[in-house]
Amino acid sequence: QVQLVESGGGLVQPGGSLRLSCSVSGTIFINIMGWYRQAPGKEREKVASINYGGSTNYADSIKGRFTISRDNAKNTVYLQMNSLKPEDTAVYYCKSESPYVYWGQGTQVTVSS
């Protein structure tokens, strides 16, 4: 049974930072991992992705502010979020994209003063 468990969400003031973690349980090779987010009343959108070799892709809305990384030995992917804005408020989901598709349960990020 493979599980993705996110952590690190919370309430932060505008301009602040948070680091999300996604731990993958089970002995499984995952090539591409991604972070997605879904704000109230909006569709889920892809934020960033990273492959096993460390190549990354980012959504234009968060480029220069967020950094995705991974520790393959720990089967964990991270999302460092800096200069947070109120519009970054959403539930953030971790997703295994390739070769298997799994979703985490999500973690709430709220950016508010």
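Here the structure is a predicted model, which is why all the values come from computation and not from measurement.
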Next on the checklist: Which label fits F66 and Y92: parallel for a plane angle under 30°, tilted from 30 to 60°, or perpendicular past 60°?
Outcome noted: tilted
Would you find a donor on one side and an acceptor on the other, under 3.5 Å apart, between the side chain of [X] and the backbone of [Y]?
X: N82; Y: S17; result: no
X: R70; Y: G54; result: no
X: E6; Y: G106; result: yes
X: Y58; Y: I68; result: yes

Checklist outcome for this item: So disulfide bond (SG atoms under 2.5 Å apart) across residues 1-84, not counting sequence neighbours, yields C22-C94
In Å and rounded to the nearest 0.5 Å, what is the [atom1] to [atom2] distance from [X] to [Y]?
X: S55; Y: I50; atom1: OG; atom2: CD1; value: 8.0 Å
X: Q80; Y: R65; atom1: CD; atom2: CZ; value: 12.0 Å
X: I62; Y: R37; atom1: CD1; atom2: CZ; value: 7.5 Å
X: Y102; Y: I28; atom1: OH; atom2: CD1; value: 4.5 Å

Beyond-backbone contact of [X] with [Y], side-chain heavy atoms, under 4.5 angstrom:
X: Q108; Y: T89; result: yes
X: M33; Y: V24; result: yes
X: V77; Y: W35; result: yes
X: K46; Y: E97; result: yes
X: S96; Y: L4; result: yes
X: M81; Y: D88; result: no

Next on the checklist: Using salt bridge (charged side-chain N to carboxylate O under 4.0 Å, His left out), reason through D60 and K63 one step at a time and then give a plain yes or no.
Outcome noted: CA-CA 5 Å; D60 288 342; K63 274 183 182 177; 3.3 Å; yes
Checklist entry - Taking all non-hydrogen atoms of both residues, which atom of L20 and which atom of G9 are closest, and how far apart? => result CD2-N, 3.6 Å
Checklist entry - Considering all heavy atoms of both residues, which atom of P14 and which atom of S113 are nearest to each other, and what is their separation? => result CD-N, 3.7 Å
Item to check | same_hphob_cluster(V47, V91) at 4.5 Å side-chain heavy-atom cutoff | outcome: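 Not linked; separate clusters.
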Item to check | Cluster check L79, L18: I/L/V/M/F/W/Y, side chain < 4.5 angstrom | outcome: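 L79 clusters together with L18.
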Checklist entry - side-chain hydrogen bond (donor to acceptor under 3.5 Å, both in side chains) with Y78: which residues, sequence neighbours excluded? => result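 In terms of side-chain hydrogen bond (donor to acceptor under 3.5 Å, both in side chains), with neighbours along the sequence ignored, Y78 is linked to no residue.
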